[in-house]
Amino acid sequence: MNTNLLNHDAAQLTAFFAGIGEKPFRAKQLLRWMHQYGEADFSKMSDLAKSLREKLATCASIEVPAVTSDATAADGTRKWLIDVGNGNAVESVFIPEPNRGTLCVSSQAGCALDCKFCSTGKQGFNRNLSTAEIIGQLWIANKALGATPKGERIVSNVVMMGMGEPLANFDNVVAALRLMLDDHAYGLSRRRVTVSTSGIVPAMDRLRDACPVALAVSLHAPNDALRDVLVPINRKYPLAELLAACTRYLDKAPRDFITFEYVMLDGVNDSAEHARQLLALVRDLPCKFNLIPFNPFPKSGFKRSPGETIRRFAETLISAGLVVTTRRTRGDDIDAACGQLAGRVDDKTRRTRPAVEIQTC
Ligand code: SAH
Ligand code: SF4
């Protein structure tokens with residue numbers, strides 16, 4: 001069977017070439033062609049010997065996932081719907097800003113973790129994305145945005161904040177992260193690549209050892225009683241363990257900080273007392289807070305906190321010396337804002353439903 005080379009990071013590609021009797025430097029050449037030139041046709045790879053190009057065509061392929069829609073909002077936010085087979089689709093979103101361009105990438109079709117305010121969670125788990133489907137989102141964005149190897153870097157930052165829990169698809173996500181950082185592929189600095197997790201503690205430790213990129217943790221509650229309800233993985237890895245894992249993560253990268261994401265749910269987690277509990281919780285940890293106004297979806301059962309409540313909550317954290325940002329809504333007119341991304345997953349595992357809205361970043 002043909003091997004899809006888009007599934008391989010540098011080490012895996014080197015092993016592939018060794019397996020077909022070729023030298024290791026071929027892996028670097030292939031990485032550059034695939035990821036810097038966006039080339040998927042072996043016959044166009046002009047610095048490979050003709051015999052090698054022919055050999056590759058018989059045993060390998062470069063299969064980029066198919067894009068089923070491409071929409072640009074008035075503010076420049078751009079969204080691609082990516083077909084992942086069997087009627088399922090995930091989304092990636094490019095958010096241009098004056099001094100950077102951020103791509104929000106999905107890691108799974110659906111999610112098993114069932115956070116109560118998340119429409120992906122409500123939908124259940126379908127399957128893990130392959131490395132090709134994860135890195136393919138960056139490949140597609142670069143191609144669509146006209147990136148060239150020598151030109152300006154258009155996607156300067158990647159956040160794994162799309163659909164799914166990245167650390168529940170560990171191996172495929174880590175191979176994709178390595179490609180993002182590899183100088184022969186996308187060459188992004190590790191501080192510009194962020195994994196967002198709901199807090200799978202053992203996988204946080206593994207990520208620290210395998211590929212310590214920037215880490216965002218979806219906190220959403222300042223005590224175990226509330227977090228057990230909102231983020232059910234907390235019953236397995238409660239706050240004390242989660243915070244200890246954050247500290248261990250920073251041991252490896254001492255100049256870094258953890259970004260805590262906190263969705264603002266009206267009357268649920270947004271009181272002055274919640275803010276005080278949060279301050280006590282993170283007292284000893286280098287961290288920043290990202291407050292996310294809840295983005296509603298049908299039958300969620302939650303409301304977004306009023307702007308004034310969010311402002312006061314932020315103020316309490318800021319006056320204690322924390323750095324706090326409140327996420328702005330982007331791409332409203334193409335439903336690309338946080339919580340409004342609408343991929344499709346036909347859930348064949350836990351709950352059978354027709355296509356529904358899913359939560360991504
Ligand atoms: N599974 C990972 C990453 C994907 S979700 C995680 O949970 O961290 C990216 C962020 O969006 C997470 O912080 C998630 O909690 C948040 N989120 C989920 N549903 C949301 C909603 N309806 N409104 C606002 N943010 C939401
Ligand atoms: Fe999964 Fe993240 Fe949604 Fe929780 S918030 S259900 S971990 S995608």
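None of these values were measured; they are calculated from a predicted model. One-based numbering, in listed order, for ligands and for the atoms of each.
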Legend entry - Ser198: numbered ligand 2 atoms lying under 4.0 Å from its heavy atoms: 7 (S)

Inset, instruction - May I ask you to check whether Asn234 and Asp224 show a side-chain donor-acceptor distance below 3.5 Å? - result: yes

Inset, instruction - Mark the output for Gly162 as yes if a heavy-atom distance to ligand 1 is under 4.0 Å, and as no if none is. - result: yes

Inset, instruction - Compare Cys115, Gly121, Ser107, Ser196 and give the one whose heavy atom is closest to atom 3 (C) of ligand 1. - result: Ser196

Legend entry - Any N/O pair His220/ligand 1 closer than 3.5 Å: yes

Legend entry - Contact atoms of ligand 1, heavy-atom distance to Phe117 under 4.0 Å: 15 (O), 17 (N), 18 (C), 19 (N), 20 (C), 21 (C), 22 (N)

Inset, instruction - For the residue pair His220 and Tyr262, confirm or rule out a side-chain donor-acceptor distance under 3.5 Å. - result: no

Legend entry - Donor-acceptor contact below 3.5 Å, side chain Arg304 vs main chain Phe294: yes

Legend entry - Contact flag Cys118/atom 3 (Fe) of ligand 2, N/O/S atoms, threshold under 2.8 Å: yes

Inset, instruction - Report yes if Ser119 has an N/O atom closer than 3.5 Å to an N/O atom of ligand 1; otherwise report no. - result: no

Inset, instruction - Measure from the side-chain N and O atoms of Arg26 to the backbone N and O of Ala18, and report whether any donor-acceptor pair falls under 3.5 Å. - result: no

Inset, instruction - Between Gly121, Gly164, Ala112, Ala168, flag the one that comes closest to atom 2 (Fe) of ligand 2 by a heavy atom. - result: Gly164

Legend entry - Distance-only polar pair, side chains of Ser305 and Asp270, donor-acceptor under 3.5 Å: yes

Inset, instruction - Assess whether atom CZ of Phe170 is packed by more than 12 heavy atoms of other residues, nucleotides or ligands within 6.0 Å. - result: yes

Inset, instruction - Indicate whether the side chain of Thr197 and that of Glu165 have a donor and an acceptor atom separated by less than 3.5 Å. - result: yes

Inset, instruction - Taking both backbone and side-chain atoms into account, decide whether Cys115 has an N/O/S atom under 2.8 Å from atom 1 (Fe) of ligand 2. - result: no

Legend entry - Min heavy-atom dist Gly164 to ligand 1 below 4.0 Å: yes

Legend entry - Geometric class of the Phe302/Phe117 ring pair [parallel <30°, tilted 30-60°, perpendicular >60°]: perpendicular

Inset, instruction - Mark up the atoms of ligand 2 that fall under 4.0 Å of a heavy atom belonging to Asp114, in ascending order. - result: 6 (S)

Legend entry - ligand 1 versus Glu165: contacting region, heavy-atom distance under 4.0 Å: both

Inset, instruction - Measure Val217 to ligand 1 on non-hydrogen atoms and call it side chain, backbone, both or neither using the 4.0 Å cut-off. - result: neither

Legend entry - Proximal candidate to atom 9 (C) of ligand 1 [heavy atom criterion; set Met161, Met264, Gln108]: Met161

Legend entry - Location of contacts on Val231 toward ligand 2, heavy atoms closer than 4.0 Å: neither

Inset, instruction - Report, in ascending order of atom number, the atoms of ligand 1 lying under 4.0 Å from any heavy atom of Thr197. - result: 6 (C), 8 (O)

Inset, instruction - Working to the nearest 0.5 Å, report the span between CG of Asn169 and CD of Glu133. - result: 9.5 Å

Inset, instruction - Look at ligand 1 and say whether Met163 reaches it with a heavy atom at a distance under 4.0 Å. - result: no

Legend entry - Distance-only side-chain donor-acceptor flag, Ser271 / Glu273, under 3.5 Å: no

Legend entry - Where Leu317 and Ala275 come nearest, the two heavy atoms and their spacing: CD2-O, 3.8 Å

